[in-house]
Amino acid sequence: MKLAIVQTNPIFGNILKNVEDALGLMNSVEANLFVLPELFNTGYNFQSQEEVKELSEDDSSFTMQTMIEFAKKKSCYVVFGYAEKVICDQYKKQRTTNQEQSTINHEPSYYNSSALIGPEGIIGKYRKVHLYYREKLFFTPGNLGFPMFDLPLGKIGMMICFDWFYPESARSLALHGAHLIAHPANLVLPYCPDAMITRCLENKVFAATTNRVGVENRNDINLTYIGTSQVVSNRGKILARCSDDKPEIVVVEIDLMQAENKRLNEFNDLLADRRPEQYTL
Ligand code: ACM
């Protein structure tokens, strides 16, 4: 399969331009799966819950519908990060003086999510489990676990940016059978690109870490993103790595079936040799 990593430079709050810029890159190549950065349509450096409210999207919104249209037109798959608005109609029991009254809580939840889109529409979602830094002020921690999606291309799982810091994320996906970890990111620390080599080696999976470039200086919170989006093989080899400062798209041809093989030698099978009863989990 042909895997494209789409490194962009979003302008905070300008969803139309950010989606248009990503599509410009995506339309310039042929690929079976495109992986975009975390929060690629909104930007990352939120300053208030009001901004999250205003820029978050549900399934019927612009970014989702535009990506579905692209996937249909190109017969391909897309993974992208966005701020997801979820209306949860939770019944709240309220006791009044002499009767119990049911009211509906229409307050939405907001997740730092990624969506997996195919020609048939929305295939699945992931909601970031390990929130980083000021994300904790604005987003609800993910509640979907680390699901795996069995596509004609191979088995795909998702994690988002800081999830790499927790080896449990990639391990969960490997245990679910994922061949490829699609990893939208907005990296500000320098460690992830090299650390992902270990995540891939220790799970014998492929990973596509797609980061953004540029700076976001908002209300004295200054963030600089490190680019260096990359594809790493199931043997821990860097198959492609982007620049640290330019929007670009890189396509890599990979054989995901290689990730089925967890054998290291005639004695060792990576996952079968685990000793969960000896671990403190
Ligand atoms: C991050 O999780 N965006 C660093």
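When a residue number appears, it is its place in the shown sequence, counting from 1. Just so you know, ligand 1 is whichever comes first in the structure, and atom 1 is the first atom listed for that ligand.
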Exercise for the section: Check the surroundings of atom CG in Asn265: do more than 12 heavy atoms from other residues, nucleotides or ligands lie under 6.0 Å from it? Expected result: yes

Exercise for the section: Kindly say whether Gln258 contributes a backbone atom to a donor-acceptor pair with the side chain of Asn234 at under 3.5 angstrom? Expected result: yes

Problem - Leu264 backbone acceptor or donor facing Asn268 side chain under 3.5 Å - result: no

Completion exercise
Those residues with a heavy-atom separation under 4.0 Å from ligand 1 are Glu38, Tyr44, Lys128, Tyr132, Glu135, Cys161, Phe162, Asn186

Handout entry: Geometric class of the Tyr191/Trp164 ring pair [parallel <30°, tilted 30-60°, perpendicular >60°]
Key = tilted

Problem - Output field: ring centroids Tyr44/Phe46 closer than 6.0 Å - result: no

Exercise for the section: For the pair Phe162 and Tyr166, name the ring-plane relationship: parallel under 30°, tilted 30 to 60°, perpendicular over 60°. Expected result: perpendicular

